[in-house]
Amino acid sequence: MKEIKEKHAFLMRWTHWVNFPVLTVMIWSGLFIYWANDAYGISIFGFTLIKFFPEWFYTYFHIPQRLAEGMAFHFLFMWFFFINGLLYIAYTIFSGAWRELVPKRNSFKEAWQVLLHDLHIRKTIPPQKKYNAAQRIAYSAIILMGVGSVITGLAIYKPVQLYWLCWLCGGYHFARIIHFALTIGYVLFFVIHILQVVLAGWNNFRSVVSGFEVIETEPQIRDEKTLTANHAENETNGAKEN
Amino acid sequence: MKPTEQKKIKKPLTIEQKIKRRNFISFGAFFALGGGAAAGWKWLLNSPEENAGITGGTRAPLRRALNKTELFFRNFFSNNHLVKTYPKERAAKTIRVNSLIGIEDDEDFDIKNWKLEVKISQSKSLKIGIEEIKALPKTEIIFDFKCVEGWDQIQHWAGVKLTDFLLHYKLDALVEKNYMGLETPNGEYYIGLERDSVLHPQTILAYEMNGKPITNDHGAPLRLIIPVKYGIKNLKRIGVMSFSDQRPRDYWAEQGYDYYSGL
């Protein structure tokens, strides 16, 4: 038997899909700003491993000489990013949805098992509710990162008026580094997130648009188990729902 | 099949129908809103550039947003919010030169003839020599100078506090106006400052850097040091000072930058 199981609330879906293009614009315009003083890189013993960013990268994305444009976009879309994020956090706190999201005491141990399972090293996965342990950690972290981006962003934006924020972020320099590192974090998150969504399949993806998942439930009468299962499969013409 | 009869009896939807219906509604809304967002983005991206005036060089809706955002963040401004200062040892020995607009393009400039011109009214001006300014109480500041490009440097400047200067020359009435405008002697570089920043206690008219007279590249004989603004507003080699209720012209605001550019 098929059954509709509610998964994601409307506000969660709304803020998720608003955030995606808004954050994209923030990263894009942020690159215009960063380009004007592209000081960061990763080097070991004086040998530069990565330079943020190589020339081909700037050329490919048409980044150079657009500082003013980047600031104009950045300081408009920061409002949408902030309001949308605030909406999500307020909803998650007041609805009690945070219980499904925030990592539990055993989440860090379990997340390791989830990782091993996803890498096909471990066969079983710990029992989970809406989110598994790894998701709890990842999705809570990404919210904290969003908060971090707003705080460090404000610290760089108004370092004199909001001097206490700047101080909290370890000063102007460090705030700028965190702000940049968080952005790199979003991109890495995005890559893994997309990969996981593809692997998780249609039912999971749909739930972030329509809010529900379709699950197969155990029929009431044991004897008819195979019969009902077959019947259900015929009905959907083999459309796979996991 | 009798459609009329079927309509009358409202059968509860089957699971399959429910799934289909909810999918249809949610994905319909998803694509409709997504399309709307894409259209909105296209509109913004292709929106016309603002009319060139006091500000220019950016898309009109983005300029409106910059101005609105300025008004919001001006609520946080206070003359009690001071920029962090540092001990002298932390100050850079070589102060970075980033731009020479209004200086390198002024070949006729003769520092010996320099006088600061303060416009009192349309016809009346005050002309003040550098020795007069140096005779006023001296204020030093060692702070983290911030460029709009993203770099910053701890620098050591000294000069007369702008409020001291304005008080001494009895320009208080003029300061009641909303804005102060500053220009280089040749008028090639120019900025506008709103009153709050003008009256900030760390805003100085500087004639010394690292304890020595300012060099030509840094705006000799007199330049503005205003820590509550990005470097673009720290005009070098001040020629003319004026006051107005409307925004004075501003070099970088004409090139698409935020007029306020406050920190």
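Every chain is numbered from 1 and lettered A, B, ... according to where its sequence line falls, protein lines coming before strand lines.
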Looking at [Y], I'd like to know if the NZ or CZ of [X] sits under 6.0 Å from its six-membered ring centre while staying within 45 degrees of the ring's axis.
X        : Y        : answer
B:Lys233 : B:Tyr259 : yes
A:Lys51  : A:Phe57  : no
A:Arg176 : B:Trp151 : no

Problem - B:Arg247: which of B:Thr55, B:Leu193, B:Asn178 passes side chain to side chain contact (heavy atoms under 4.5 Å, CB included) - result: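 Among B:Thr55, B:Leu193, B:Asn178, the one that satisfies the side chain to side chain contact (heavy atoms under 4.5 Å, CB included) with B:Arg247 is B:Thr55.
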
Handout entry: Closest-packed option against chain A by number of heavy-atom pairs under 4.5 Å, given B:Val148, B:Leu33, B:Leu62
Key =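 Max contact count across the listed options: B:Leu62.
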
Practice task
Flag the one option from B:Asn23, B:Ile15, B:Asp144 with the top tally of heavy-atom pairs under 4.5 Å to chain A.
Solution key: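 Most heavy-atom pairs under 4.5 Å with chain A: B:Asn23.
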
Structural part of [X] lying under 4.5 Å from a heavy atom of chain A:
X       : answer
B:Leu66 : side chain
B:Phe27 : both
B:Trp41 : side chain
B:Asn80 : neither
B:Lys84 : neither
B:Pro61 : neither
B:Leu82 : backbone
B:Arg59 : side chain
B:Phe30 : side chain

Handout entry: Ion pair B:Arg63/B:Glu49, N-O distance below 4.0 Å
Key =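 No.
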
Exercise for the section: Could you tell me whether B:Arg22 and A:Glu6 have a side-chain N and a carboxylate O separated by less than 4.0 Å? Expected result: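 Here B:Arg22 pairs with A:Glu6 in a salt bridge, since their nearest N and O are under 4.0 Å apart.
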
Practice task
Decide whether B:Glu149 and B:Asn98 meet the rule of one side-chain donor and one side-chain acceptor closer than 3.5 Å.
Solution key: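 Checked: B:Glu149/B:Asn98 side chains pair up, N/O donor to acceptor below 3.5 Å.
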
